[in-house]
Amino acid sequence: MPDSPLIPAARSYEAVLSRIEAELRDGKLKVGDHLPGERAMALAHGISRASVRDAIRVLDVMGVVRTSVGSGPQSGAVVIANPSAGLASTLRLHMATNHFPVSDIVQTRIMMETWAAVEAAQHVHDTAKVAQLQQLLLAMNAKDLGREEFHVLDAAFHVLLSSLAGNAVVTAMMESLRSAIQSYVSAAIDSEERWDAIVPSLRQQHEAIVAAVLAHDGGGAADALKEHIEWFHAQTHPLP
């Protein structure tokens with residue numbers, strides 16, 4: 001039967017993706033394992049080596065494999081676990097097309113970060129991560145810190161804070177949002193004068209959020225985070 005015009009024909013490389021997904025799910029492939037060579041996979045699936053290369057490129061972009069040329073134990077395609085890589089690439093591209101409005105990113109951040117704050121407040125805190133948070137706060141409080149440097153540190157702060165919840169999926173999603181957060185925050189400020197007026201409040205809000213989490217006050221931390229994210233958005237996207 002010919003393919004329905006409403007159902008796109010499967011691309012050759014999708015057979016490779018499906019097989020690798022199944023083998024990862026079944027434990028036949030694990031992080032650190034090498035994928036078979038192009039020739040072997042092409043023969044196994046009855047497709048061209050070019051189609052195999054397409055599949056490997058997709059897996060590389062998705063953060064499932066790392067590819068290296070040459071010979072030796074590190075060459076070829078090796079299974080890794082970097083889930084935020086593919087999500088981040090997708091988010092950046094769709095933001096560039098204006099498919100994801102900033103307001104939707106703000107709402108998504110509020111949902112994830114306030115939940116993470118409540119969860120984080122209930123946990124015994126990782127002392128190394130707490131020390132990193134404190135270092136980020138100190139770095140963001142430096143008087144000679146440039147605006148773009150602050151945005152980089154600010155995005156890292158929010159990702160690290162959310163990781164205290166201990167949820168691997170939320171951590172990966174927040175890591176993938178890092179560049180989106182950084183880019184829209186940076187683009188929202190159009191002058192040094194506006195930035196100078198806003199940054200003192202951002203610093204105070206960061207301090208209050210961390211204090212609430214460390215005091216195991218989940219409700220207070222969630223409220224402080226929501227107010228912080230909404231406040232900045234209101235400053236940079238005022239209502240008409």
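All heavy atoms count here, side chains included; hydrogens, waters and symmetry mates do not.
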Worksheet item: Does K30 offer a backbone N or O that forms a donor-acceptor pair with the side chain of D33 under 3.5 Å?
Response: yes
Worksheet item: Between R178 (side chain) and V159 (backbone), is there a donor-acceptor pair under 3.5 Å?
Response: no
Item to complete: Indicate yes or no: does E207 engage R203 in a salt bridge with an N to O separation below 4.0 Å.
Response: no
Can you confirm whether [X] sits close enough to [Y] that some side-chain heavy atom of one is under 4.5 Å from a side-chain heavy atom of the other?
{"X": "E113", "Y": "I229", "result": "yes"}
{"X": "L202", "Y": "D154", "result": "no"}
{"X": "L225", "Y": "L161", "result": "yes"}
{"X": "K129", "Y": "S163", "result": "yes"}
{"X": "W115", "Y": "N167", "result": "yes"}
{"X": "Q134", "Y": "L137", "result": "yes"}

Worksheet item: How many angstroms lie between atom CD of E14 and atom CZ of R19, to the nearest 0.5 angstrom?
Response: 15.0 Å
Fill in: ring pair (Phe, Tyr, Trp, His ring centres under 6.0 Å) partners of residues 148-175, not counting sequence neighbours, each pair once
F150-W195, H151-W195, F157-H206, H158-H206, H158-H228
Practice prompt. Applying side chain to side chain contact (heavy atoms under 4.5 Å, CB included), name anything that partners A40, two or more places apart in sequence or on another chain.
Written response: P36
Worksheet item: Taking only residues two or more places apart in sequence or in another chain, which ones pass ring-ring contact (aromatic ring centres under 6.0 Å, His included) with H123?
Response: none
